[in-house]
Amino acid sequence: MDSSDEFDVIVIGGGPVGENAASYAIAGSDRTAVIVEHELVGGECSYWACMPSKSLLRPGQVLDTARNMPGVQELVGDKPLDVEAVLARRESFTHALDDSSQVKWAESAGISVVRGHGRISGEKTVDVDGRTLTARHAVVLATGTTASVPNTPGLRDALPWISRDATNLHEVPRRVAIIGGGVVACESATWLLSLGAEVTMIVRGSALLANAEPFASELVATALRDRGATILFHADLQSVSRPGAQDTGIGKIHGGAAHLTVGGETITVDEIVVAAGRKPASSDVGLSAVGLEDGKFVETDDHLQVPGLDWLYATGDVNGRAQLTHMGKYQARVTGDVIAARADGRPLSGKRFSATADHRQVPQVVFTPLEVASVGQTEKQARDAGVDVEILGVDIAVAGSSLQQDDYSGHAQLIVDKGTDTLVGASFVGPGVAELVHAATVAVVGKVTLDDLWHAVPSYPTVSEVWLRLLESRRE
Ligand SMILES: Cc1cc2nc3c(=O)[nH]c(=O)nc-3n(C[C@H](O)[C@H](O)[C@H](O)COP(=O)(O)OP(=O)(O)OC[C@H]3O[C@@H](n4cnc5c(N)ncnc54)[C@H](O)[C@@H]3O)c2cc1C
């Protein structure tokens with residue numbers, strides 16, 4: 001074997017998680033690492049998910065704020081967004097799908113990049129399109145997830161958009177049907193509405209954002225309807241027909257009109273966005289070569305190690321623990337630290353070697369017209385877990401929020417464990433609440449008592465004053 005095919009650490013998948021795992025595993029040492037990537041170094045997040053979606057959402061938020069701000073609203077009036085400028089700014093974030101800057105970063109961090117499809121072929125070995133790489137210490141699987149497209153009659157033949165098309169759109173369809181009611185569906189609806197599309201959401205269940213607090217789901221549904229969305233709940237998509245379907249490329253309208261049969265009625269649109277969940281990218285990565293099941297989320301312990309295989313780690317979306325970039329990168333830091341410690345013969349003593357935050361301490365922000373920022377358990381999750389729950393809830397109406405924009409509306413809720421008087425969950429809904437969630441995360445992770453929180457005084461006039469209102473609501 002060529003020595004250039006031997007590395008201390010092999011990472012399959014060069015998304016945000018693979019990059020961080022590789023970098024932490026070799027930092028400050030003479031260890032070597034390679035990232036195997038069959039598409040773009042930077043992964044889903046950089047080119048197809050977080051960055052393009054948030055760059056498309058921000059102009060709509062700014063316009064909303066401007067329309068509710070005397071002195072500015074007169075300037076913007078009813079003017080729509082400048083679609084071309086919004087898409088050009090999106091391209092500046094995705095570098096027009098050119099990953100050379102990320103490859104440069106990897107190389108500058110001492111990480112090699114091998115282009116191709118990686119498959120585990122045995123213990124500590126990875127096949128990349130016929131070339132065999134060998135790891136001295138560890139192999140990290142960081143292959144992420146891909147979009148699921150349901151097997152509804154006619155749907156796949158209609159060549160619907162998936163999230164990659166919606167985030168990388170080059171044309172705004174006049175009428176869009178979005179299939180799904182989760183985070184990707186709600187965020188896509190938000191930017192498509194702000195870019196001028198007519199949006200119909202086809203939701204199988206009875207609520208948007210089914211994992212959020214019910215009040216959050218309702219506020220988001222109202223905000224989307226207020227912006228013109230039609231939302232069909234309990235909607236059964238029976239079939240799709242699109243005689244003129246055409247593969248015109250990512251983010252371009254895929255042919256002629258599509259006709260969707262939903263509960264016996266026909267809906268005609270110019271494009272369909274399927275946002276019906278994600279599946280692990282684990283069906284063709286060689287799991288069966290080492291006794292694991294192909295195509296499933298790869299189970300791990302809190303060191304992100306696959307049980308029974310002390311050289312194999314599964315990190316990020318592919319392990320199904322928390323499908324979010326920040327949580328994947330957190331897991332990657334743990335993975336890299338564990339690999340480094342084991343390679344050096346150091347014990348795994350200390351909190352940094354276990355991804356404990358994956359358990360009931362996960363923060364998330366959904367960037368809908370009213371943002372939904374949450375951490376930890378919802379009321380239902382806490383009750384199901386046997387927590388003796390106290391709920392504190394208030395509408396967000398403080399000096400900071402009234403300054404933010406006219407007609408500010410939002411709601412906040414804390415889930416308290418009465419037994420320990422600590423916070424186990426928090427949800428904030430409203431314009432610009434994303435930045436509130438980190439304080440809640442610190443309180444949940446730090447198990448801060450509400451008695452102590454009383455002394456964490458929010459600055460005036462900020463939206464954070466809602467913390468004071470929440471604590472005051474308990475004294476009344
Ligand atoms: C539309 C959308 C918006 C999102 N917005 C946010 C957000 O705002 N905030 C947030 O925290 N999360 C967001 N997410 C989730 C986020 O994108 C993922 O959690 C994150 O990308 C996971 O990182 P990862 O490195 O595990 O996987 P990925 O980013 O999917 O990277 C995996 C990499 O592995 C490569 N790969 C796969 N198989 C192989 C193989 N066999 N050989 C070689 N290479 C392979 C892929 O090409 C890819 O580059 C969003 C997701 C979507 C779909």
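Indexing begins at 1, ligand by ligand and atom by atom, following the structure's order. Because only heavy atoms are used, hydrogens play no part in the values below, and waters and symmetry mates are left out as well, while side chains stay in. Residue numbers run from 1 in the order of the sequence given.
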Enumerate the atoms of ligand 1 whose separation from the nearest heavy atom of [X] is less than 4.0 angstrom.
X	result
Val36	43 (C), 44 (N)
Gly116	42 (N), 43 (C)
His117	40 (C), 41 (N), 42 (N)
Ser163	1 (C), 53 (C)
His326	11 (O)
Gly316	26 (O)
Gln323	15 (C), 19 (O)
Gly15	25 (O), 31 (O), 33 (C)

Region of Leu40 that comes within reach of ligand 1 [heavy atoms, distance under 4.0 Å]: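 Backbone only.
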Is [X] reaching over with its side chain to a backbone N or O of [Y], donor-acceptor style, under 3.5 angstrom?
X	Y	result
His411	Leu219	no
His117	Glu37	no
Tyr330	Ala357	yes

Please report which non-hydrogen protein atom sits nearest to [atom], along with the residue it belongs to and the distance in Å to one decimal place.
atom	answer
atom 5 (N) of ligand 1	Lys54 NZ, 3.1 Å
atom 51 (C) of ligand 1	Ala49 CB, 3.5 Å
atom 27 (O) of ligand 1	Gly144 CA, 3.3 Å
atom 34 (O) of ligand 1	Gly13 CA, 3.2 Å
atom 30 (O) of ligand 1	Glu44 CB, 3.4 Å
atom 42 (N) of ligand 1	Gly118 N, 2.9 Å
atom 18 (C) of ligand 1	Asp317 OD2, 3.3 Å

When only distance counts, is [X] in polar contact with ligand 1, meaning an N/O pair under 3.5 Å?
X	value
His38	yes
Val17	yes
Leu324	yes
Thr325	yes
Trp48	no
Thr167	no

Sequence neighbours excluded - salt bridge (charged side-chain N to carboxylate O under 4.0 Å, His left out) pairs with any residue from residues 314-336: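 Those involving residues 314-336 are Asp302-Arg321, Arg321-Asp358.
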Report the member of [options] with the shortest heavy-atom distance to [atom].
atom	options	result
atom 4 (C) of ligand 1	Ala142, Cys50, Cys45	Cys50
atom 23 (O) of ligand 1	Pro16, Gly328, Pro363	Pro16
atom 48 (C) of ligand 1	Glu39, Glu37, Glu187	Glu37

Any residue meeting salt bridge (charged side-chain N to carboxylate O under 4.0 Å, His left out) with Arg175, in chain and number order, not counting sequence neighbours: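 Expected list: Asp270.
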Should the heavy atoms of other residues, nucleotides or ligands under 6.0 Å from [atom1] of [X] be counted, would the total exceed 12?
X	atom1	result
Arg352	CZ	no
Arg204	CZ	no
Lys54	NZ	yes
His438	NE2	no

Non-hydrogen atom of Pro52 closer than 4.0 Å to ligand 1: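 No, Pro52 has no heavy atoms under 4.0 Å from ligand 1.
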Arg278 heavy atom under 4.0 Å from ligand 1: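 A heavy atom of Arg278 does come that close to ligand 1.
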Passing option when Gln331 is tested against Asn319, Thr300, Asn20, Thr315 for side chain to side chain donor-acceptor pair (under 3.5 Å):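 By the side chain to side chain donor-acceptor pair (under 3.5 Å) criterion, Gln331 pairs with just one of Asn319, Thr300, Asn20, Thr315: Asn319.
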Carboxylate-amine/guanidinium proximity below 4.0 Å for [X] and [Y]:
X	Y	answer
Arg242	Glu271	yes
Arg227	Asp64	yes
Asp82	Arg89	no

Working for side chain to side chain contact (heavy atoms under 4.5 Å, CB included), residues Phe367 and Thr190: CA-CA 8 Å; Phe367 293 85; Thr190 305; over 6 Å; no
Asp8 and its salt bridge (charged side-chain N to carboxylate O under 4.0 Å, His left out) partner, picked from Arg136, Lys124, Arg31: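 Option passing the salt bridge (charged side-chain N to carboxylate O under 4.0 Å, His left out) with Asp8: Arg136.
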Geometric class of the Phe428/Trp467 ring pair [parallel <30°, tilted 30-60°, perpendicular >60°]: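 Rings of Trp467 and Phe428: tilted, as their planes differ by 30° to 60°.
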